[in-house]
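Below is one structure, written out as structure tokens, with a few remarks after it.
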Amino acid sequence: MVRMGRLTKRADFTTVYGKGRSWANYWVVLRAFPNAMGTPRYGIVVSKRLGKAVMRNRIKRRMREGIRQLTPKGGWDMVFIARGPAAGANYHRLKGAMCELVTRARLFRLSAPGEGEP
RNA sequence: UCAGUGGGCCGGGUGGCCGCGGGCCCGCGAAAGGCCCGAGGAAAGUCCGAGCUCCACCAGGCGGGAUGCUGGGUAACCCCCAGGAGGGGCGACCCUACGGAAAGUGCCACAGAAACAUACCGCCAGCGUUGGCUUGGCCAGCUAAGAUUUAGUUGGGUCUAGCCUGCCGGUAAGGGUGAAAUGGUGAGGCAAGAGCUCACCAGCGGUGGGGUGACCCACCGGCUGGGCAAACCCCAUCCGGAGCAAGACCAAAUAGAAGGGCUAUAGGUGCCUGGCCUACCCUUGGGUUGGUCGCUGGAGGUGGCGGGCAACCGCCAUCCUAGAUAGAUGGUCACCGCUUUGGGCUGGGUAACUGGCCUAGGGUACAGAACUCGGCUUAUAGGUCCACUGGGGUC
RNA sequence: GGACCCGUGGUGUAGCGGCCUAACAUGCGGCCCUGUCAAGGCCGAGAUCGCCGGUUCGAAUCCGGUCGGGUCCG
């Protein structure tokens with residue numbers, strides 16, 4: 001994931017948290033809010049409650065890989081928050097959970113249909 | 001072969017597809033392309049010690065902290081090595097906050113005579129003494145037989161012996177306790193006892209010898225009075241404080257905001273003093289909360305030679321080996337290792353036992369650099385190597 | 001990343017090395033009071049003092065280690 005496509009500042013996270021809508025399932029919470037730059041940006045939150053540093057880094061790497069496989073439409077800031085059961089989920093289950101949330105939020109690009117199924 | 005002790009090392013591999021960070025080259029370019037590099041033994045806990053940066057600087061004191069057998073190593077250390085002492089183990093070997101209780105203060109609950117000052121109970125009876133009782137002798141009086149005398153009885157004013165009580169004295173052996181009781185055991189000795197004497201052991205002091213030293217060995221001497229300093233403390237040695245969110249620079253931004261103190265006044269990183277420095281300082285409120293540097297080549301790794309018992313040190317050669325910043329070093333699939341459980345086939349051996357192949361299933365740890373090193377501590381599936389100890393068997 | 005603080009009944013706090021078999025408040029259970037509830041009164045239960053070692057005759061307390069919570073920084 002290129003630097004431009006990431007949420008890096010505390011303020012960006014606060015904005016998405018405060019003003020954005022949210023969707024959730026058993027593993028992941030998605031919060032999203034439109035931005036002004038026309039390209040999507042992503043953020044990942046893994047709480048310290050999910051494990052030690054090795055476990056948290058593994059979850060973040062799997063979620064980054066999941067985001068890389070998605071092609072949503074631009075102009076939105078999205079924050080994926082891992083919930084407790086995500087610590088025990090493998091990559092495919094996490095990707096499926098993230099795809100489901102993006103589909104429900106109708107953030108997939110219209111020109112690339114059929115990306116919904118994991 | 002079984003059980004164990006000490007030390008070292010490894011801690012998955014190969015391939016496909018899709019990706020990430022950094023450096024260099026080529027580009028106008030953070031684009032595309034090419035080449036190279038990219039987690040650990042603990043990266044962890046942040047428990048010690050340093051480098052580095054800032055606090056303007058210097059000196060002294062107070063306060064505080066740390067260490068604590070000896071000698072070395074090191075930049076330094078609560079680290080490491082070697083040795084001593086004490087303790088544990090049959091042994092290889094292991095463990096130890098291991099200075100001082102004759103500098104002072106404090107504490108030692110309950111129990112106990114008593115917890116550190118010597119009293120109490122008890123034991124002894126040589127000498128003196130108060131009172132009482134008993135036995136025997138002596139003396140005096142009375143009564144009976146009556147010649148001195150004998151017997152009985154009364155009285156102690158006298159002596160002796162014993163007992164009780166009190167004072168004085170000799171003792172520290174004994175005193176159900178307690179975690180701990182004034183050296184221990186045995187023998188002699190004594191009025192009773194006691195290192196009072198003797199033998200052995202433990203402790204103390206002295207002399208001589210060995211060792212750099214902790215300490216050890218030998219001889220001699222007199223005779224010995226508790227524990228706790230991870231209680232305050234004393235002694236010796238060491239330590240200024242904070243920490244890379246240290247700190248420096250660039251850009252942007254609010255506002256020239258309010259209050260207070262101003263020539264010995266304010267400030268100067270725990271406090272005080274002195275020198276000295278700054279001229280403005282302090283408090284409140286507000287703004288920025290972006291980028292670059294610090295940032296990775298270092299008490300560095302590997303090999304050889306030399307010194308040293310060792311830790312380690314010196315010289316030479318050679319190598320460059322992570323630098324992220326919502327935080328890279330991966331995701332996924334397949335196969336193979338390793339290990340373990342069950343089943344089947346099979347080899348060696350009389351047997352106990354031991355090996356090979358196939359198949360089904362399980363497991364494959366602890367854990368992620370964040371300024372950098374040296375240590376310590378803690379976590380860790382499994383595997384492997386070396387040296388050694390004890391028991392059993394065979395030759 | 002760094003610097004610190006705290007662990008004692010369900011909860012919030014006390015607690016001189018021996019009087020600790022651990023105190024107080026609140027909460028909990030039962031009884032009394034009341035027509036009923038609250039308040040009040042009486043009684044009771046509830047703690048391996050986070051865990052593991054060490055010092056001491058003796059540890060909640062002193063000293064190490066470890067685990068779990070929490071706070072602060074520019």
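Residue numbers start from 1 in every chain, and the chains themselves are labelled A, B, ... in the order their sequence lines are given, proteins ahead of strands. Not measured: the values here are computed from a predicted model.
- Syn is the conformation of B:G195, whose glycosidic angle sits no further than 90° from 0.
- Checking B:C228 for Watson-Crick or G-U wobble geometry (two distances, each under 3.5 Å) identifies B:G106 as its partner.
- Between B:C124 and B:G174, the distance separating the two C1' atoms is 14 Å to the nearest Å.
- Rounded to whole Å, the P atom of B:C234 lies 14 Å from the corresponding atom of B:G104.
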Enumerate the protein-to-nucleotides 328-330 of chain B contacts in which both atoms are nitrogen or oxygen and the separation is below 3.5 Å.
residue: B:G330; atom: O3'; partner: A:R61; partner atom: NE; Å: 2.9
residue: B:G330; atom: O2'; partner: A:R61; partner atom: NE; Å: 3.3

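- Within the 3.5 Å criterion, the main-chain N or O of A:I44 finds no donor-acceptor partner in the side chain of A:R64.
- Rounded to the nearest Å, the gap between the P atom of B:C216 and that of B:U384 is 48 Å.
- Taking atom P in both B:A199 and B:C78, the straight-line distance is 50 Å, to the nearest Å.
- Using a 4.5 Å cut-off on side-chain heavy atoms (C-beta onward), A:V79 and A:L30 make no contact.
- Classified by its glycosidic torsion, B:U296 falls in the syn category, the angle being within 90° of 0.
- Residue-environment remark: CZ (A:R93) stays at or below the threshold of 12 foreign heavy atoms within 6.0 Å.
- Shown here, B:A334 forms a base pair with B:U14; the pair counts as Watson-Crick or G-U wobble because both key distances fall under 3.5 Å.
- One finds a salt bridge joining A:R68 and A:E65 here, because a Lys/Arg side-chain nitrogen approaches an Asp/Glu carboxylate oxygen to under 4.0 Å.
- Comparing A:V54 and A:Y91 along RNA chain B, the residue whose closest nucleotide (by nearest heavy atom) sits nearer the 5' end is A:Y91.
- For the pair A:R62 (side chain) and A:H92 (backbone), a donor-acceptor distance under 3.5 Å is absent.
- Spacing between atom CG of A:D77 and atom C1' of B:A326 amounts to 13 Å, rounded to whole angstrom units.
- In this entry the distance linking CD1 of A:I44 with C1' of B:G327 reads 12 Å, nearest Å.
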Practice item. Could you go through the side-chain contact (heavy atoms from CB on, under 4.5 Å) check for A:M98 and A:M63 one step at a time? Key: CA-CA 8 Å; A:M98 291 164 71; A:M63 289 174 77; 4.2 Å; yes
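- Atom CD of A:Q69 is separated from atom C1' of B:G331 by 9 Å (rounded to the nearest Å).
- Regarding A:R93, its CZ atom lies at a distance of 18 Å from the P atom of B:G331, rounded to whole Å.
- Remark: B:G342 base-pairs with B:U359. Criterion, Watson-Crick or G-U wobble with two distances under 3.5 Å.
- Comparing A:V45 and A:A53, the nucleotide of RNA chain B nearest to each residue sits closer to the 5' end for A:V45.
- Comparing the same atom, C1', in B:U269 and in B:G243 gives a spacing of 13 Å after rounding to whole Å.
- Note on A:H92: a side-chain N or O is less than 4.0 Å away from OP1 or OP2 of B:C333.
- Judged by distance alone, the side chain of A:R41 and the main-chain N or O of A:D77 form no donor-acceptor pair under 3.5 Å.
- In this structure C:C24 sits in a base pair with C:G12, meeting the Watson-Crick or G-U test at under 3.5 Å.
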Practice item. Please assess A:V28 against A:L94 for the test side-chain contact (heavy atoms from CB on, under 4.5 Å), listing each intermediate value before the final yes or no. Key: CA-CA 8 Å; A:V28 182; A:L94 271 180; 4.0 Å; yes
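- Contact annotation: the side chain of A:P34 approaches that of A:W76 to within less than 4.5 Å [non-hydrogen atoms, C-beta and beyond].
- When Watson-Crick and G-U wobble pairs are counted only if both distances are under 3.5 Å, C:C72 pairs with C:G2.
- Across the protein-nucleic acid pair, A:K95 atom NZ and B:C18 atom P stand 14 Å apart, rounded to whole Å.
- Taking atom C1' on both B:A119 and B:G112, the two are 15 Å apart, rounded to the nearest angstrom.
- B:C98: Watson-Crick or G-U partner is B:G84, with both key distances under 3.5 Å.
- Comparing the C1' positions of B:A310 and B:U380 gives a spacing of 31 Å, expressed to the nearest Å.
- Protein atom CZ of A:R58 is 12 Å distant from nucleotide atom C1' of B:C366, rounded to whole Å.
- By the rule that a glycosidic angle within 90° of 0 means syn, C:U11 does not qualify and counts as anti.
- When Watson-Crick and G-U wobble pairs are counted only if both distances are under 3.5 Å, B:C20 pairs with B:G38.
- Under the 4.5 Å side-chain heavy-atom criterion for grouping Ile, Leu, Val, Met, Phe, Trp and Tyr, A:M55 is connected to A:F80 within one hydrophobic cluster.
- For B:A360, the base is anti relative to its sugar; the glycosidic angle deviates from 0 by more than 90°.
- With its glycosidic angle within 90° of 0, C:U56 adopts the syn conformation.
- Across all strands shown, B:U389 is found opposite B:A3 as a Watson-Crick or G-U wobble partner, with both distances under 3.5 Å.
- B:A191 and B:G227: their P atoms are spaced 37 Å apart (whole Å).
- Taking atom CE on A:M63 and atom C1' on B:U332, their separation rounds to 17 Å, with Å as the unit.
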